[in-house]
Peer 1: 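The structure that follows is given in the form of structure tokens.
Values below: every heavy atom of this structure, side chains too, minus hydrogens, waters and symmetry copies. Chain letters run A, B, ... following the sequence lines, proteins first, then strands; residues in each count from 1.
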Amino acid sequence: MSRPVVTRFAPSPTGFLHIGGARTALFNWLYARHLGGRMLLRIEDTDRERSTEAAIGAILDGLSWLGIEWDGDVVYQFARAARHREAAESLLAAGRAYHCYATQGELEEMRETARREGRPPRYDGRWRDRDPAEAPAGAKPVIRLRAPGEGETVVEDHVQGRVVWQNRDLDDLVLLRSDGTPTYMLAVVVDDHDMGVTHVIRGDDHLTNAARQTQIYDALGWETPEWAHIPLIHGPDGAKLSKRHGALGIDAYRELGYLPAALRNYLVRLGWSYGNQEIFSDAEMVAAFDLPQIGRSPARFDFAKLENLNGHYLREAPDEEIVAALEGLLPVLGPARGLGRGFDPALRAKLVQAMPGLKERAKTLVEVLDSASFLYGPSPPALDGKAEALLDGAARARLAGILPGLAEVAPWEAPEIEAVVRSFAEGAGFKLGQVAQPLRAALTGRTTSPGLFDVMAVLGQAECLARIRARAASAEARPALSAAG
RNA sequence: GCUCCCAUCGUCUAGCGGUCUAGGACGUCGCCCUCUCACGGCGAAAACAGGGGUUCGAGUCCCCUUGGGAGCGCCA
């Protein structure tokens with residue numbers, strides 16, 4: 001390794017950090033880590049109209065949440081405008097660029113003509129060799145690159161291979177606008193060069209830009225970086241994943257209950273593979289990631305697979321961590337569920353205790369929280385349709401029948417509870433399920449839940465007896481309802 | 001329209017000329033486990049877009065067609 005690898009992630013703060021950007025950032029981060037290099041972050045905010053502070057915040061927060069950390073200070077492109085101008089001026093002085101006074105109207109006309117003649121729309125170079133003395137009085141010129149008119153421009157890409165453009169198909173792009181501000185094309189080249197970027201890993205949509213940027217590098221006499229243009233991520237329907245097609249910001253994935261580790265794992269396998277391995281710890285990802293295994297074709301985003309991965313990471317996560325993550329989501333998930341901004345200590349303890357059974361059955365944090373509703377909802381819990389149907393007269397009679405036995409259980413631990421329930425079922429000639437399901441319905445309001453005896457242990461003896469009495473057949477058990485708190 | 005990129009199960013992908021009667025994962029469907037649901041285990045259905053070449057031999061190389069996608073701004 002002759003020179004240390006430097007990659008960069010360079011989003012423009014005109015919106016949230018979307019899934020494609022997140023993967024690009026992840027790839028840059030992994031590649032830099034893999035080679036012991038650095039990943040820099042540059043905010044491309046030269047579009048003053050559309051750039052916002054909120055978007056910058058969303059991008060930074062999104063990266064942090066995803067666990068992608070950049071090296072050094074964030075570079076703000078707009079702050080480097082003077083340097084960009086200086087580069088354009090040097091090109092002008094060297095004769096590699098020139099002033100162009102063409103008006104918007106003329107440009108429009110050129111594109112029109114080109115299209116009509118079946119040529120790629122491009123600037124015709126009318127000011128390329130024209131005497132500046134002919135410039136219309138008072139007109140502010142732009143500075144255009146004097147691009148090579150013949151020959152070809154080649155991009156050796158680590159993903160796409162060798163891509164060749166005929167120079168006649170590329171026009172003299174604008175480097176500096178008439179108001180003296182740099183264009184994206186110039187700014188990127190100058191910044192990547194100044195920041196010492198060795199590898200540009202970005203979306204496929206920049207492939208053509210790589211050709212044009214190569215011409216700028218050449219004119220400046222600089223060495224081009226290594227390129228790796230990764231295929232875009234499409235929506236489930238195969239169409240481009242854009243804001244209009246329901247693309248979500250990374251914060252939306254957080255609120256949907258996905259874990260950063262799961263998202264990283266899902267994203268790294270979207271467009272990149274390592275034999276048949278599907279699950280990667282961060283260390284494994286860093287160790288295995290490399291450019292040659294990046295695929296060339298675009299991938300569709302598949303929520304089902306993300307959910308599966310999320311379930312995997314949920315099951316692996318320590319119980320306390322999940323509760324903490326749940327708590328972090330309370331501001332957005334709590335209100336609709338009657339929960340505040342935090343869990344009180346008692347509920348918190350119950351959640352931790354119930355978590356082993358809860359997390360095994362959920363794909364997302366939202367599902368974890370919902371399936372735990374019997375711990376924080378009303379008592380007795382409202383019955384859903386299936387639970388209501390299940391609690392017919394016979395079932396309610398069974399509830400009444402087991403009440404005395406349960407009142408005797410001590411200590412109130414899962415094995416002891418299970419022993420009593422089983423012996424009751426056996427003695428009365430019921431199958432365990434005939435007793436367990438009514439109990440489940442009475443205690444949770446649903447027909448599905450974590451293991452019944454674990455649920456009972458977490459709920460506590462008094463609460464269980466109260467809930468069972470509330471649903472049991474015996475009339476004299478009813479008054480006890482009010483005592484159930 | 002022009003330039004460029006892409007093409008293996010529904011989806012993500014393995015495959016880098018012969019070991020492919022094409023492998024894994026998600027999803028789907030069965031069966032087992034079982035107090036429910038999950039988890040887990042076992043099994044099934046499911047793909048080399050089409051056509052030409054090259055080669056003793058092509059999913060793998062070349063060309064065309066078709067189908068996707070991206071880019072063509074004094075946006076980034």
Peer 1: Quote, to the nearest angstrom, the C1' distance that separates B/A76 from B/G24.
Peer 2: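 Per the computed distance, 39 Å lies between those C1' atoms.
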
Peer 1: Please report the distance separating the P of B/C4 from the corresponding atom of B/U11, rounded so that it comes out in whole Å.
Peer 2: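 These two P atoms come out 28 Å apart once rounded.
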
Peer 1: Inspect the contact between A/Glu156 and A/Arg162 and indicate whether a charged nitrogen and a carboxylate oxygen are less than 4.0 angstrom apart.
Peer 2: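 Yes, A/Arg162 and A/Glu156 are salt-bridged.
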
Peer 1: How would you label the contact of A/Ser371 with the nucleic acid (heavy atoms, under 4.0 Å): base, sugar-phosphate, or nothing?
Peer 2: nothing

Peer 1: I'd like the C1' distance from B/C29 over to B/G10, given in whole Å.
Peer 2: 14 Å

Peer 1: Would you find a donor on one side and an acceptor on the other, under 3.5 Å apart, between the side chain of A/Asn310 and the backbone of A/Gly257?
Peer 2: yes

Peer 1: If I pick the C1' atom on B/C61 and the same atom on B/C56, what distance separates them, to the nearest angstrom?
Peer 2: 16 Å

Peer 1: Please measure how far the P atom in B/G68 lies from the corresponding atom in B/A58, and state the result in whole Å.
Peer 2: 30 Å

Peer 1: Atom CD of A/Glu108 and atom P of B/C74: how far apart are they, to the nearest Å?
Peer 2: 10 Å

Peer 1: For A/Arg50, which contact category applies under a 4.0 Å heavy-atom criterion: base, sugar-phosphate, or nothing?
Peer 2: base

Peer 1: Can you see whether A/His229 engages A/Asp157 through a side-chain donor-acceptor pair at a distance of less than 3.5 angstrom?
Peer 2: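 Yes - a donor-acceptor pair under 3.5 Å links their side chains.
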
Peer 1: Using a 4.0 Å heavy-atom cut-off, does A/Arg42 contact any base of the nucleic acid, only the sugar-phosphate backbone, or nothing at all?
Peer 2: nothing

